[in-house]
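Okay, structure first, notes after.
Treat the numbers as computed from the prediction; the structure is a model and nothing was measured. Letters A, B, ... mirror the listed sequences (proteins, then strands); counts begin at 1.
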Amino acid sequence: MRRQRSDEFNRPEGYNSRLLEGPTPMQASYHPQKIEREAQAHWQKTEAARALEAAGKPKYYCLSMFPYPSGKLHMGHVRNYTIGDVLARYHRMRGFNVMQPMGWDAFGLPAENAAMANGVPPAKWTYDNIAYMKKQLQSLGFAIDWNRELATCKPDYYRWNQWFFLRLLEKGIVYKKTGTVNWDPVDQTVLANEQVIDGRGWRTGALVEKREIPMYYMRITQYADELLEALDTLPGWPERVRTMQANWIGKSVGVEIAFPYDPAIGMEGALKVFTTRADTLMGATYCAVAAEHPLATLASKNNPALLAFVDECKRGSVMEADIATQEKKGMATGLHVVHPLTGEKLPVWVANYVLMSYGEGAVMAVPAHDERDFEFANKYSLPYKTVIKSKDGAYEKVEAPWQATYAEHGVTVDSGDFSGLEFQQAVDAIASALEKKGLGRKRVQYRLRDWGISRQRYWGTPIPIIHCASCGDVPVPDDQLPVVLPEDCVPDGSGNPLNKREDFLACECPSCGKAARRETDTMDTFVDSSWYFLRFACADNQQAMVDQRVEYWLPVDQYIGGIEHAILHLLYSRFWTKAMRDCGLLELDEPFANLLTQGMVLNESFFRKTEAGRIQYFNPSEIELKLDDKGNRAGAVLRADGQAVESGGIGTMSKSKNNGVDPQGLIEEFGADTARFFMMFTSPPEQTLLWSDEGVEGSFRFLKRVWSFAAQWHGKLQGLNSTFSENAKAESDVVALRREVHGVLKQASVDIEKHQFNTVASAAMKLLNALQDAGAKAGENASPAMLRALNEGLGILVRVLYPITPHIAHALWRELEFGEDLIDAPWPLVDPRALESDEVEMVLQVNGKLRGQLVVPKTADKGQIEALALASDVVLKYTNGLPPKKVIVVPGRLVNIVV
RNA sequence: GCCCGGAUGGCGAAACAGGUAGACGCAAGGGACUUAAAAUCCCUCGGCCGUAAGGCCAUGCCGGUUCGAUUCCGGCUCCGGGCACCA
C-alpha cells in the first residue's frame, strides 16, 4: 500500500520566518522529514536528553528493557521505546530530573546462529547490528542519554559479571553441581530448548537425549522467602506479575515423610517424600519416584525391562511443558518401602510424571485424593483407599470416574487414631506422630529451583575459573580480570569453539603456577540483564562495578517491557540486586519501583498449502483483502498472482509466519511522529496491539490536520497572549470552546497519569476537532476573545501531543511563538473556571431503561431533582400518574424510577 | 498438563467508583471539489421491526446478586503469555 507524497514545499532554501518582522506565514503543509530532522538536530545540539545528578528536583529514572541487537528494530521495540519516551518526556514536563538510558543485551544464541549461516564472527555481526539499530532509535526521536550507552558483550561490562561471580562463589551463593541438558548425539553438542523441535535436534534431526553435566548454579532459593515477601512492597507492579512470581516461587507448607526401606532392599535408609496433604497419608497405597532417582537406578541394575523404561524416561527434552503433557507411564521397581505409621508394605514405582527437580524426586501416592495418582492407579490397577470424607456429603467413597471434589479438604475417615479430623488438625496430628518416630517433620518447600548459569556456548561472558590438574577448580584472581572472550571465533554448530582455541585455553594455575586450562563455559545471558539497570548510573566507572550515583538514580522509577519477561528476567534481577546488597555493594532492596508490562504487537498471517503439503507464508504487505459490499471481509489474495490465500489467524509478528512489518519503511514514509502516534493511539499499552496499515494512515492524516490548522490560524495567533485571568463572561462560543478544551484536558491529565496513552491520543483528536469547529464557526472575523481561546487551545493541544509526537509539537511551539524550547514547558493546567456551569444534564430512567434527559439547576438537591423528574412528560407516560414504587437519584448522573 | 491474562459494532477501542454501551479513530456507503485521479471537506454508519414517532435485542456462553451489571459473584468456551538453555 503506497501513499503518494504531497507536493514539495516550494519556498526558497533557508527560508526562516523567525528572521522576519511580525507575524509571518508558516509552511502550509506537514513535512515530517524536515521537521523531524530539525528537531532532532536541535535536541542533539542542546544535549537535551543528557541526565546529570542534580539536587533540588525529584529524579525519574525511566527505563525500557534493552534490546537484543538482532539486526533491526521490530514493532515491539518501537512500541516499548515509545511508551518509555512518552513517560520520560511527560515527567520532564512535570518537573522531574529525568534519565532515560539505552544499551544492548548483546550476548546470545542468535549471533552464533547468524555466524553459522553467514560465516561472520558473532562479534562483528553484533556490532554491525548495534550501529544500525542505534540509528533507527535516533530517527524515532527518543530522548535517550547516549552518554550512558553500554553493550554487555564488551569487556568493560562483562568483567563485572566475572568479578561478582567470584564474590558470590566466595559467599557460597555460587556453587557447582550437575544439571540436565539437551544433548544432540550427532553434533555432540548441548542444545537450547529452542533448538529442540519435536524431540529432535534442529540441525541434525537426531533424537535428543538428556545428559548430566557439571554446571555452576546461583543459590536463588536462599532468597526465595524474601523474593516472595517483598512482592508486597511493590504496589507499582501489575497484580498479575506479582501473582505469577509468587506462583513461580511456589512456597508450600507441608510435611516431609520418610518411608523406611523394606528389608528386602538390602540396605538401610528411607525414601523421602514431601507432601502438602499429610492428612491423606493413611490413604497412601504406593510410592513413585523419578527415573533419575537412586532407587530407580538401584532397581534397574538387575531388571532389563525396568532399565529400558528408565532409559526411555531419560530420553526427550528437558522442557517442563513436554514432560507435563506426555502420557503418564510407570513401571514397578519390585522394591517396597514401609508405611511409616501402619507398617504396611507399599510398592515403589518409577513414574515419568515425577520430577527429580522438585522436592525429593519422589512422591507418596494417594489415588483416592489426587487426580494424577488416581489416573495412574487406574491405569496400572493399583488399589485406592478413601481416607477423606467431604464435609457437605458430596461423596462417601471414592469411585471412578474422578470428581474434583475428591481432592478437596474434608474430614479424615478410616484413618485409625487420626480419624474424624479436619485438614489442619489431621496434618498436625500426623506430623507430630511422624516426628516422634523420627520419620517426618513439617517443612517448607519451594517450587523455585537454583539458577543454572553455565552455558556450553561461545558468545557469552567467560566463567572466570581455571582448571588445574593438581589444585582443581581455581578462581581467576581479581587482578587478572577480565577474562577476555576472543572476538574472532566463528562457531560451526559442533560444540563450543573456545575448546579449539589454544590461546584462550592455555593459562597458568593461579595457585601453583603450573600449566592449566580455562573453563570454556560462558554465563547465561540473563546474568548480563540482571544488573544493567545499575550500570547505567555509572557506565563510565572503570574502577568499580557500581558507585554512589547508583544510590541517586535507583530504584528505576518506571520500568517498561514485554509481559513475556514477567517471571525470569524480573525475578533474576530482583535476586541479583539483593545479592549485591548483601555483598555491601548497594543499599537497594528492590530494583524496579514501578513496572509497566506492554502487550505484544500482533499481525495477521497468510499462507497457502503447496502441492507437497507444506505451508508457505506470505508477508501481509503482499496481500490484498477482498471486501463485500457491506465492507466485511470476503477473502484475501496474493497481489502478485491474484489467487486466494488463507488466513493463518492473528499472532505475534514472527519470522516463521512471515507476518512482520519493518518499522523502517513506516518511519521513512510517514515519519517518526506518525509511527509513535499510531503505537500509542491504537491500543492501551498493556494490551496486545493489532497492526493495521490503515490505522497508520489515519494517524498521519491527523498530524497533517494539526499542522494545517496551525498554519491556517498562524497569522492571527502567533505570539498572542492567551491568558483568561478576568473570567471573560462574554461570548457563548468562547465559553463553550473553553469548556470543551479544559474538559478534555482534565480527562487527558488523568489518563496520562494512568498510562492510558490511547485516550490521551484521542484527547488530542478531540481538542483539534473542537478547535476546528470553533474556528470554522468564527471564521475570518473571529473576535479577540475567540482568537485568544483558539490560541490557548492550540497551546494545550501542542503540549498534550508533545510526549507522543515531540517533533511536530516542537516545531509548532516555535512557529506559534509559545516559547523557545518546548522540552522544558510544563504540562498544561486545567482552568477550573472554564468548566463551571449553572445546569447539569441528567439521565432519566424508568425501570433501569433510558427514557429521556433532564436538565436541572446545578444547585438542585435530591428532592428537587425527584420532583422535576416525576413531573416530566416522559415519566408521566410510564407511570400513568400512579406513584412510583421507588425513585433512585444519583446527583449529577441519573434518576431511575421504578414502577 | 500447570500458572497468569484477555474476549465490547465490519476492525482498533472508550465507558471516572455498579449508573446514558460504542467516545476517538479505521474501514465501508453516499455527496462536494477536480478534465481525471490523489489529497481535502461534508453526511450516514451495532442488529432487527417500523413511513415515522418509537420499540425490541445487544459487551464470548450459561446462571446469580442489584432499582440498575461491560463492571461484582459462580460455572464454562475460545484465544494469548510463561513453564527455568530464545531473549
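Closest approach to the A/P684 side chain among B/A27, B/C56, B/A14 is made by B/A14 (side chain taken as heavy atoms from C-beta onward). In the set B/C86, B/G81, B/C24, B/G81 carries the atom at the smallest distance from any side-chain atom of A/M600. Taking the side chain of A/K704 as heavy atoms from C-beta on, and the options B/C86, B/A84, B/A39, the nearest nucleotide is B/A39. Listed candidates were B/C26, B/C4, B/G12. Nearest to the side chain of A/E694 is B/C26. Of all nucleotides listed (B/G25, B/G1, B/C67), B/G25 comes nearest to the side chain of A/F681. Taking only side-chain atoms of A/I888, from C-beta outward, the nucleotide of B/C86, B/G12, B/C67 with the closest atom is B/C67. Closest to the A/R240 side chain, of the nucleotides B/G12, B/C4, B/C24, is B/C4. Nearest to the side chain of A/R705, among B/U20, B/A23, B/C41, sits B/C41. Distance from the side chain of A/K754 is smallest to B/A15 among B/G12, B/A15, B/C86.
With salt bridges taken as basic N to acidic carboxylate O contacts below 4.0 Å, none links A/K177 and A/E212. Between A/E239 and A/R242 there is a salt bridge, since a side-chain N of the basic residue sits under 4.0 Å from a carboxylate O of the acidic one.
Counting non-hydrogen atoms under 4.0 angstrom, A/L448 reaches a base of the nucleic acid. A/V750 comes within 4.0 angstrom of no nucleic acid atom, judged by non-hydrogen atoms across all strands. Among the protein residues, A/Y353 comes within range of no part of the nucleic acid, since none of its heavy atoms lies under 4.0 Å from any strand. Residue-level contact check: A/Q326 touches neither bases nor backbone, having no heavy atom under 4.0 Å from any strand. Backbone-only contact: A/K849 has heavy atoms under 4.0 Å from sugar-phosphate atoms and none from a base. If you check every strand for non-hydrogen atoms under 4.0 Å, A/V898 touches sugar and phosphate atoms only. Counting non-hydrogen atoms under 4.0 angstrom, A/Q598 reaches nothing in the nucleic acid. Residue A/F702 is out of contact with every strand shown, counting any heavy-atom pair closer than 4.0 Å.
As rounded to the nearest Å, B/A23 and B/G30 have P atoms that lie 23 Å from one another. Between the C1' atoms of B/U70 and B/C61, the separation comes to 15 Å (whole Å). On the P atoms, B/G46 is 16 Å away from B/C26, given to the nearest whole Å.
A distance below 6.0 Å separates the ring centres of A/Y572 and A/W451.
Counting heavy atoms from C-beta outward, A/L227 and A/I220 have side chains that approach closer than 4.5 Å.
Under the 90° criterion around 0 for the glycosidic angle, B/G9 counts as syn.
For B/C67, the base has a donor-acceptor partner in the side chain of A/N896 [N/O atoms by modelled type, under 3.5 angstrom].
Pair check for B/A69 finds none; no Watson-Crick or G-U wobble contact set falls under 3.5 Å.
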